[in-house]
There are 2 protein chains.
Amino acid sequence: MGSDRADRAATQESTTRARTRRAIIDAAVATLSADHTASLADVAEAAGVGRTTVHRYFPERSDLLAAIGTDVRERIEAATARARLGEGPAPAALDRLCLEFFELGDRLMLLDDVPQFWAWSGLEEDEAQAPSDRELLALVRRGQREGTLDPEVDDTWLHTVLWAMLYAAWEQTREYDTPKHTALSLCLRTLRKATAA
Amino acid sequence: MGSDRADRAATQESTTRARTRRAIIDAAVATLSADHTASLADVAEAAGVGRTTVHRYFPERSDLLAAIGTDVRERIEAATARARLGEGPAPAALDRLCLEFFELGDRLMLLDDVPQFWAWSGLEEDEAQAPSDRELLALVRRGQREGTLDPEVDDTWLHTVLWAMLYAAWEQTREYDTPKHTALSLCLRTLRKATAA
DNA sequence: ACTTTTCGGAACAGTCATGTTCCACTATGG
DNA sequence: CCATAGTGGAACATGACTGTTCCGAAAAGT
């Protein structure tokens with residue numbers, strides 16, 4: 001009896017549960033990126049579900065935050081993969097990465113702002129060298145070898161600057177109502193100039 | 001009777017009270033820049049005073065936040081004045097400003113991160129065009145006229161980027177233990193390249 | 001149609017930060 | 001040395017968010 005249910009339990013949830021889980025996570029991202037101190041009631045309302053339901057899926061607040069963390073990290077990994085950092089000239093690869101990351105929107109801010117998202121699968125914050133991070137650092141070193149990236153720009157510094165510029169681009173849309181595509185092109189242009197050899 | 005006390009009440013507080021107030025504000029800056037959700041008890045402990053005393057000076061939490069806001073803004077104005085944005089070539093002036101701002105340390109992060117600091121003297125957040133902001137924008141336009149700053153770089157965008165780079169520099173020291181002077185020189189170099197004509 | 005899953009709301013207990021009051025203690029200044 | 005300003009701590013009220021339980025209603029699947 002219920003062999004399919006057992007299967008689902010082992011592999012994944014029912015489609016309905018998967019949908020509401022997504023709705024909650026998405027709403028949480030939107031709500032928390034606007035206000036990091038938003039309550040679970042706010043998240044529930046934004047998701048269009050009852051507060052009870054939120055607790056059903058994420059017993060504690062930290063569970064929800066952790067879920068957001070993994071969600072965002074997965075998106076980052078996927079975006080990095082799509083950017084194919086190994087192909088073509090380093091500056092062009094950096095452009096592609098920046099573009100892919102930009103598409104992730106507000107999500108990116110959360111990782112910086114809410115340290116709890118790194119309370120992850122037993123990893124020690126800084127120690128958590130995500131694969132995508134390593135890919136980026138490798139790209140920088142490659143570009144420097146090829147002479148297409150500024151050798152003075154430390155690889156960790158470029159990493160920091162990339163994220164800072166993405167942050168800046170989104171801030172620009174929020175603060176000055178700059179259209180998204182304008183903010184993106186400013187961001188790309190600035191990043192290119194800053195990293196050029 | 002008590003004419004000197006009346007004077008102090010009209011102009012300023014007693015030196016002891018002024019010292020305590022400063023201690024609380026400074027401790028609050030340090031504490032809150034580390035964790036935006038720190039409680040007033042944490043602030044009191046960091047300041048080395050009782051929680052009661054904090055409430056004596058700042059009846060409500062918002063009063064303390066507002067005080068921090070004005071304090072930081074005053075420092076920003078002073079720093080901007082010291083940078084003498086009107087003198088010399090625009091890029092050099094920008095360098096001076098960046099340097100002065102960098103000296104302000106963690107304080108700068110607070111303004112970005114805690115929106116309540118803008119709950120100010122009746123000004124509507126974005127509308128609050130601080131004098132220092134206007135000076136910076138003027139500098140950018142001057143540099144563009146003189147042909148020393150990239151004409152493609154919108155003045156508001158440069159404003160955003162400057163702050164983002166300062167943020168990045170401090171993040172670099174926190175995240176990678178980069179020495180302050182190294183982070184600063186990376187920041188300056190990147191900013192120069194990004195804004196050059 | 002019927003059965004199981006999923007959901008929403010109400011009600012409750014627990015925790016924590018806030019803000020207030022009161023009083024005794026200290027140090028500072030005249 | 002004495003009056004006053006300034007402080008710290010205890011105790012209390014309050015409100016907000018959290019996390020839990022339970023039950024009836026709605027939706028999904030068959």
Side-chain angles (χ1 to χ4, degrees), chain A residues 1-28 31-32 34-68 114 116-117 119, chain B residues 1-28 30-68 114 116-117 119:
Chain A
M1 68 298 216
S3 85
D4 57 335
R5 197 175 67 205
D7 284 353
R8 282 192 317 225
T11 60
Q12 63 208 0
E13 334 179 72
S14 81
T15 63
T16 27
R17 280 189 69 89
R19 261 208 310 275
T20 53
R21 155 167 270 130
R22 272 249 61 81
I24 293 176
I25 291 187
D26 288 344
T31 308
L32 291 177
D35 173 14
H36 310 163
T37 67
S39 70
L40 293 188
D42 296 331
V43 173
E45 190 184 350
V49 306
R51 192 172 70 91
T52 315
T53 305
V54 174
H55 276 103
R56 224 190 302 275
Y57 284 81
F58 308 99
E60 300 196 356
R61 184 177 231 268
S62 60
D63 294 323
L64 176 57
L65 296 187
I68 294 179
V114 184
Q116 297 182 284
F117 290 143
Chain B
M1 66 294 218
S3 84
D4 56 335
R5 199 175 65 204
D7 284 354
R8 282 190 319 226
T11 60
Q12 63 209 359
E13 338 181 67
S14 82
T15 63
T16 18
R17 280 189 68 89
R19 262 207 310 273
T20 316
R21 153 166 274 127
R22 273 250 59 84
I24 293 176
I25 291 186
D26 289 343
T31 309
L32 290 177
S33 68
D35 173 13
H36 311 162
T37 67
S39 71
L40 292 188
D42 297 331
V43 173
E45 190 185 352
V49 304
R51 195 171 67 93
T52 315
T53 305
V54 174
H55 276 104
R56 225 190 302 276
Y57 284 80
F58 308 99
E60 300 196 357
R61 184 176 231 268
S62 61
D63 295 323
L64 176 57
L65 296 186
I68 294 179
V114 186
Q116 297 182 284
F117 291 143

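Residue numbering restarts at 1 for every chain, and letters A, B, ... go by the order of the sequence lines. Both backbone and side-chain heavy atoms feed into the values below; hydrogens, waters and symmetry mates do not.
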K.L.:
Got a sec, which residues hit side-chain hydrogen bond (donor to acceptor under 3.5 Å, both in side chains) with A:T16, two or more places apart in sequence or on another chain?
P.N.:
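A:T16 satisfies side-chain hydrogen bond (donor to acceptor under 3.5 Å, both in side chains) with A:S14 only.
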K.L.:
Does a nitrogen or oxygen in the side chain of A:T52 sit under 4.0 Å from OP1 or OP2 of C:dG9?
P.N.:
no
K.L.:
Can you tell me if the side-chain N/O atoms of B:S14 get under 4.0 Å from OP1 or OP2 in D:dG6?
P.N.:
yes
K.L.:
When rounded to the nearest 0.5 angstrom, what is the spacing between NE2 in B:H36 and NE2 in A:H36?
P.N.:
8.5 Å
K.L.:
Compute the bend angle of the helix from C:dA1-D:dT30 to C:dG30-D:dC1 from the end axes (five pairs per end), rounded to 10°.
P.N.:
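For the helix from C:dA1-D:dT30 to C:dG30-D:dC1, the axes at opposite ends meet at about 40°.
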K.L.:
If you compare all heavy atoms of A:A23 against all heavy atoms of A:A47, which two are closest, and at what distance to 0.1 Å?
P.N.:
O-CB, 3.9 Å
K.L.:
Working to the nearest 0.5 angstrom, can you tell me the gap between B:I25 CD1 and B:T20 OG1?
P.N.:
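It comes to 11.0 Å.
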K.L.:
Looking at every non-hydrogen atom in both residues, tell me the closest pair between B:A27 and B:V43 and how far apart they are.
P.N.:
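Distance-wise, the nearest heavy atoms are CB-O, 4.0 Å.
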K.L.:
Under a 4.0 Å heavy-atom cut-off, which of residues 34-51 of chain B touch DNA chain C?
P.N.:
B:S39, B:L40, B:R51
K.L.:
Does B:D26 have any side-chain hydrogen bond (donor to acceptor under 3.5 Å, both in side chains) partners at least two apart in sequence or in another chain, and if so, which?
P.N.:
B:R22
K.L.:
Does a side-chain N or O from B:T20 land closer than 4.0 Å to OP1 or OP2 of D:dG6, or not?
P.N.:
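Indeed not, no polar side-chain atom of B:T20 lies that close.
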K.L.:
Between D:dT18 atom P and A:D63 atom CG, what is the distance in whole Å?
P.N.:
13 Å
K.L.:
When you measure from every atom of DNA chain C, which of residues 54-62 of chain A have a heavy atom less than 4.0 Å away?
P.N.:
A:R56, A:Y57
K.L.:
Roughly how many Å is it from CG in B:L64 to C1' in C:dT18, rounded to a whole number?
P.N.:
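To the nearest whole Å, that distance equals 13 Å.
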K.L.:
If you look only at pairs with a residue in residues 50-65 of chain B, which of them pass as a side-chain hydrogen bond (donor to acceptor under 3.5 Å, both in side chains), with sequence neighbours excluded?
P.N.:
none
K.L.:
Strictly below 4.0 Å: does A:T15 bring a side-chain N or O up to OP1 or OP2 of D:dG29?
P.N.:
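So the side-chain polar atoms of A:T15 do come within 4.0 Å of the phosphate oxygens OP1 or OP2 of D:dG29, strictly under.
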K.L.:
Please round to the nearest 0.5 Å and tell me the distance separating atom CD of B:E45 and atom OG1 of B:T31.
P.N.:
9.0 Å
K.L.:
Name the residue closer to the 5' end of DNA chain D, choosing between B:R17 and A:T16 according to the nucleotide with the nearest heavy atom.
P.N.:
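On the 5' side of the pair lies B:R17.
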